[in-house]
Amino acid sequence: MTLDMSFFEEMEARIPKGQVRTRFAPSPTGYMHVGNLRTALYTWLIARKAGGTFIFRLEDTDQNRLVEGATEVIYKTMAECGLTHDEGPDVGGPVGPYIQSQRRELYSKYAHLLVNKGAAYCCFCEKCASEEDSGTFDRAEDPCRNLSTLTQASHLADGKPYVIRQRIPRTGTTTFHDVSFGDITVENSTLDDQVLLKRDGLPTYNFANVVDDHLMGITHVVRGSEYLSSAPKYNLLYEAFGWEIPTYVHCSPVMRDQQHKMSKRHGDPSYEDLIQQGYLTAAVLNYVALLGWAPKGDRAEQEIFSLEELVEAFDISGISKSPAIFDLAKLDYFNATYLRALPPEEFARAAEPYIRQTVKNPAIDTAAVAALLQARCEKLTEIPEKVDFFDQLPEYGVEYFTNKKSKTNPEVSREMLTAVLPALEGAAEWTLDTVHDTLIALAESLGVKNATLMWPVRIAVAGKLVTPGGAVELCHILGREETLRRLRLGLAKLG
Ligand code: GLU
């Protein structure tokens with residue numbers, strides 16, 4: 001096949017040089033799992049740290065595995081996380097198109113270029129992959145590997161279908177370097193003549209990623225360690241083309257426990273699931289950053305990182321090759337820290353929909369409820385259950401009125417509530433301060449500890465042992481009418 005060499009020269013000329021360029025290259029084959037998010041984050045951080053360029057590339061050559069809506073989920077996740085890209089299908093760029101299925105022609109040209117260079121060959125055999133996998137077919141003996149140029153040309157002229165395979169040297173070794181795994185050397189005889197271009201003219205992932213990473217000027221490739229075993233074959237491709245090999249960073253899988261990788265099939269959460277479960281994006285990102293990467297130097301002990309801080313602190317040398325275990329309890333801790341650190345208005349905004357799941361009464365001020373919750377919740381999803389009593393006083397038993405520390409029991413509580421009712425009925429206005437001052441003054445005049453008075457009030461107005469906020473805050477939020485009604489019910493319960 002004659003090739004137009006000027007095409008390759010033009011493609012070379014388009015490649016931006018002299019800058020760090022990284023890419024996130026998801027396949028739209030499912031949801032955005034935690035490992036994907038981590039890869040996206042690390043690649044983004046490498047680019048941002050170096051003032052380089054971050055590229056989004058869609059790897060959709062495996063048409064059988066495409067999942068509808070997956071691309072949208074990926075875009076949405078990236079945007080929500082603030083992982084903005086400089087080049088990609090939606091924003092364009094100098095080395096597009098950025099969707100592999102739109103680059104079809106190009107892979108075919110590069111595959112044929114490799115054939116011309118002798119590093120690949122057209123294979124007309126009908127041998128199927130399963131035969132190769134089972135070892136019943138020895139690729140080393142493949143007659144197509146050694147077809148004469150003439151026979152090959154005649155098969156092509158006859159329109160015989162073919163795949164293009166990489167011609168792996170049968171002897172010698174190939175060594176590649178990975179940032180966290182170091183130098184890895186393999187015997188070439190253990191590598192198979194992998195298919196680069198399929199019968200339908202579409203490339204395999206193994207070929208497309210090399211061509212694209214080169215043509216897009218990618219300097220650092222971050223991906224899952226499942227690709228480690230293919231890396232020597234990629235290197236042989238780079239070498240055959242005469243291209244510079246990028247820096248490889250293979251990340252070990254994110255595990256559910258010592259033995260198992262996280263997997264959707266086993267119910268492990270995706271990014272979207274985590275958000276639905278009440279985690280904040282910033283907390284998830286922070287936690288995911290530390291799954292397999294550790295800061296060094298001054299920041300070695302630091303755990304809480306904003307995205308900007310991560311950009312400053314990130315260094316690929318901190319990426320570990322040991323698999324990280326995804327620990328929800330640890331994520332809870334990060335989330336609680338983030339919730340506490342939010343400005344109160346922002347927390348109130350985030351909490352409102354959760355409060356409104358159980359608190360339908362429009363008279364209840366959700367911002368006031370949120371203020372009680374901010375220091376007391378790890379996840380937003382805990383909120384509905386914590387505040388349900390504002391709408392409906394739950395059924396509760398008189399035993400709730402007994403509390404050793406507050407020195408209360410049903411009898412004492414009856415006494416307290418009997419005194420509290422007229423005092424609150426007579427309060428001039430219903431502010432936090434008046435409720436507070438009225439109750440404190442009453443405790444003093446009765447000569448009891450504040451807690452002895454507050455305990456029965458809180459139980460009567462909430463009907464729960466544990467509440468966000470104390471008696472004063474709860475009475476204030478409930479309003480005078482409802483508070484008095486509940487206090488009377490409490491008193492009636494006490495007989
Ligand atoms: N499309 C591949 C994946 O989603 C990308 C691997 C890579 O980054 O090279 O696993």
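Please read all numbers here as calculations on a predicted model, not as lab measurements. In this chain, residues are counted from 1 in sequence order.
Pairing each heavy atom of Gln277 with each of Pro269, the nearest pair is NE2-CB, 4.1 Å. Ala313 approaches Phe305 most closely through the heavy-atom pair CB-CE2, 3.8 Å. Residues Ile15 and Leu215 approach most closely at CG1-O, 3.4 Å, considering heavy atoms. Residues Leu474 and Ala462 come closest through the heavy atom pair CD1-CB, 4.0 Å. Scanning both residues, Ser101 and Asp60, for their nearest heavy atoms gives OG-OD2, 2.6 Å. The two atoms that bring Glu239 and Ile245 nearest to each other are OE2-CD1, 4.2 Å, heavy atoms only.
A ring-centre distance under 6.0 Å is found for Tyr75 and Phe56. Between Trp293 and Tyr42, the gap from one ring centroid to the other reaches at least 6.0 Å. Two rings, from Tyr110 and His112, have their centers 6.0 Å or more apart. In summary, the aromatic rings of Phe326 and Tyr287 are positioned with their centroids under 6.0 Å apart. A distance of 6.0 Å or more separates the ring centres of Tyr31 and Tyr271. For His85 and Phe54, the ring centers sit 6.0 Å or farther from each other.
The residue from Asp193, Asn206, Asp192 that alone fulfils the side-chain hydrogen bond (donor to acceptor under 3.5 Å, both in side chains) condition with Lys233 is Asp192.
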Give the intermediate values and the outcome of side-chain contact (heavy atoms from CB on, under 4.5 Å) for residues Ile55 and Asp86.
-> CA-CA 6 Å; Ile55 296 154; Asp86 309 304; over 6 Å; no
Residue pair Trp44, Phe24: steps toward the ring-ring contact (aromatic ring centres under 6.0 Å, His included) verdict | CA-CA 8 Å; Trp44 183 86; Phe24 177 52; over 10 Å; no
Do Asp183 and Thr175 pass the side chain to side chain donor-acceptor pair (under 3.5 Å) test, and can you show the C-alpha distance, the side-chain angles, and the key distance before you say yes or no?
-> CA-CA 7 Å; Asp183 278 341; Thr175 299; over 6 Å; no
Step-by-step side chain to side chain donor-acceptor pair (under 3.5 Å) determination, Asn209 to Glu59 = CA-CA 9 Å; Asn209 90 82; Glu59 304 207 322; over 6 Å; no
Applying side-chain contact (heavy atoms from CB on, under 4.5 Å), run through Val254 and Ile325 and close with a yes or a no.
-> CA-CA 6 Å; Val254 181; Ile325 295 182; over 6 Å; no
Any chance you could lay out the side chain to side chain donor-acceptor pair (under 3.5 Å) test for Ser154 and Lys160, step after step, and finish with the verdict?
-> CA-CA 9 Å; Ser154 115; Lys160 262 189 136 181; over 6 Å; no
Can Tyr234 and Phe176 be said to form a ring-ring contact (aromatic ring centres under 6.0 Å, His included), step by step?
-> CA-CA 9 Å; Tyr234 303 153; Phe176 72 96; 9.0 Å; no
Please test Asn286 against Tyr338 for side chain to side chain donor-acceptor pair (under 3.5 Å), starting from the C-alpha separation and ending with a verdict.
-> CA-CA 10 Å; Asn286 189 157; Tyr338 273 83; 2.6 Å; yes
Salt bridge (Lys or Arg N to Asp or Glu O under 4.0 Å) evaluation trace for Asp213 with Arg57 | CA-CA 10 Å; Asp213 285 343; Arg57 177 172 83 220; 2.9 Å; yes
Audit row: Asp212, Arg103, salt bridge (Lys or Arg N to Asp or Glu O under 4.0 Å) steps and yes/no = CA-CA 9 Å; Asp212 287 346; Arg103 297 168 68 79; 2.8 Å; yes
Go through the steps for Leu342 and Leu280 under the test side-chain contact (heavy atoms from CB on, under 4.5 Å), then give the verdict.
-> CA-CA 11 Å; Leu342 284 180; Leu280 298 176; 4.1 Å; yes
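A salt bridge does not link Arg349 with Glu345: every distance from a Lys NZ or Arg NE/NH1/NH2 to an Asp or Glu carboxylate oxygen is 4.0 Å or more. With salt bridges taken as basic N to acidic carboxylate O contacts below 4.0 Å, one links Lys76 and Glu272. The pair Glu12-Arg14 fails the salt-bridge criterion, with no side-chain N (NZ, NE, NH1 or NH2) lying under 4.0 Å from an Asp/Glu carboxylate O. For Arg299 and Glu312, the salt-bridge test passes: some basic side-chain N is under 4.0 Å from an acidic carboxylate O. A salt bridge does not link Arg48 to Glu308: none of the charged side-chain nitrogens sits closer than 4.0 Å to a carboxylate oxygen. Salt-bridge formation is detected for the pair Lys264/Asp273: a Lys NZ or Arg NE/NH1/NH2 atom is positioned less than 4.0 Å from an Asp or Glu carboxylate oxygen. Classification of Glu385 and Lys464 as a salt-bridged pair holds, one side-chain N sitting under 4.0 Å from a carboxylate O. Ionic pairing of Asp268 and Arg256 is present here: one or more N-O contacts between side-chain nitrogen and carboxylate oxygen are shorter than 4.0 angstrom.
With no hydrogens or angles considered, no side-chain donor-acceptor pair links Thr61 and Lys198 at under 3.5 Å. For the residue pair Asn335/Thr337, the side-chain donor-acceptor check at 3.5 Å is not satisfied. One side chain, Ser320 or Ser322, offers a donor N or O that lies under 3.5 Å from an acceptor on the other. Side-chain atoms of Gln166 and Tyr121 form no donor-acceptor pair, as typed in the model, at a separation below 3.5 Å.
Environment of CZ in Arg340: crowded, with over 12 heavy atoms of neighbouring residues, nucleotides or ligands closer than 6.0 Å. Annotation for Gln63: atom CD counts as buried by contact number, over 12 foreign heavy atoms lying within 6.0 Å. Other residues, nucleotides and ligands contribute over 12 non-hydrogen atoms within 6.0 Å of the NZ atom of Lys49. More than 12 heavy-atom neighbours from other residues, nucleotides or ligands sit within 6.0 angstrom of CG on Asp257.
In this structure, CG on Leu58 lies 10.0 Å from CG on Asp90, to the nearest 0.5 angstrom. For the atom pair CD of Glu382 and CG of Asp332, the computed distance is 7.5 Å after rounding to the nearest 0.5 Å. A distance of 4.0 Å separates CZ of Phe314 from CD1 of Ile319, quoted to the nearest 0.5 Å. The NZ atom of Lys321 sits 10.0 Å away from the CG atom of Leu228 when rounded to the nearest 0.5 Å. Here the CD1 atom belonging to Ile383 is positioned 12.5 Å from the CZ atom belonging to Arg356, to the nearest 0.5 angstrom. In this structure, NE2 on His214 lies 9.5 Å from CD on Glu244, to the nearest 0.5 angstrom.
A cation-pi arrangement is absent between Lys109 and Phe8 under the rule of less than 6.0 angstrom and at most 45 degrees off the ring axis.
Using a 4.5 Å cut-off on side-chain heavy atoms (C-beta onward), Pro203 and Val211 make no contact. Side chains of Pro89 and Tyr98 form a contact here, defined as non-hydrogen atoms less than 4.5 Å apart. Side-chain contact between Val34 and Val288: present, with at least one pair of heavy atoms (C-beta onward) separated by less than 4.5 Å. Contact of the Cys144 side chain with the Tyr162 side chain is not registered, since no non-hydrogen atoms from C-beta on lie closer than 4.5 Å.
Ring geometry for His250 versus Tyr248: interplanar angle of 30 to 60°, hence tilted.
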